[in-house]
Amino acid sequence: VYRTLLAKFEGTPKEHQLIEVERHWLKWRDAKCPLQSQHEGGTMAPATHLLCITSLTEQRTRVLQGSEQGYLGGELSLRRKTELSSLCSA
């Protein structure tokens, strides 16, 4: 989904915006998942970390899929803005 959006925005200011948003999202995700693990240092820590990464990435994919129309229309819908905000504050 990200690559599809990136291809559609190629050569436009939105291309740079999308890249920056995704970079920030990846940093947020990578910082959040270690905090989610209640098994720090235990044998379950890698599995818990991977589950967090997978879950957040699946959520982000759904947001991008649903937002594609909003991005292409020039604005995110209010619903999509709320979803993005909730992901960032979670």
Side-chain angles (χ1 to χ4, degrees):
V1 174
Y2 171 74
R3 288 185 181 149
T4 300
L5 287 171
L6 199 57
K8 291 182 185 214
F9 296 149
E10 189 174 356
T12 71
K14 286 185 180 183
E15 177 184 24
H16 177 71
Q17 291 172 343
L18 179 61
I19 291 168
E20 286 302 308
V21 166
E22 288 306 298
R23 282 184 184 155
H24 287 287
W25 182 85
L26 287 169
K27 287 179 185 178
W28 169 82
R29 182 202 65 189
D30 293 345
K32 181 176 177 70
C33 285
L35 299 174
Q36 295 290 102
S37 178
Q38 298 174 3
H39 308 284
E40 186 175 337
T43 58
M44 289 299 296
T48 303
H49 181 77
L50 183 59
L51 181 61
C52 178
I53 294 285
T54 302
S55 176
L56 292 177
T57 301
E58 287 172 349
Q59 288 175 13
R60 181 65 178 165
T61 299
R62 286 191 300 272
V63 169
L64 288 175
Q65 284 172 332
S67 297
E68 186 174 2
Q69 291 301 328
Y71 277 122
L72 295 176
E75 289 293 327
L76 284 173
S77 68
L78 179 58
R79 179 176 171 210
R80 296 299 171 215
K81 286 180 185 178
T82 303
E83 287 176 5
L84 288 170
S85 292
S86 69
L87 281 176
C88 291
S89 64

- Group every Ile, Leu, Val, Met, Phe, Trp and Tyr by side-chain heavy-atom contacts under 4.5 Å, then state whether Leu64 and Phe9 land in the same group. yes

- Query: Quick one: does Lys8's side chain get under 4.5 Å of Lys14's, heavy atoms only?
  - Reply: no

- Can you tell if the side chain of Glu22 reaches within under 4.5 Å of the side chain of Leu6, non-hydrogen atoms only? no

- Query: Of all residues at least two apart in sequence or in a different chain, which pass the side chain to side chain donor-acceptor pair (under 3.5 Å) check with Thr57?
  - Reply: Arg29

- By side chain to side chain contact (heavy atoms under 4.5 Å, CB included), which residues pair with Glu20, not counting sequence neighbours? His16, Arg23, His24

- Query: Got a second to check how far Leu18's CG is from Arg3's CZ, nearest 0.5 Å?
  - Reply: 12.5 Å

- Interatomic distance, Leu56 atom CG to Trp28 atom CH2 [nearest 0.5 angstrom]: 4.5 Å

- Rounded distance [0.5 Å steps], CG in Leu5 versus CD in Gln65: 9.5 Å

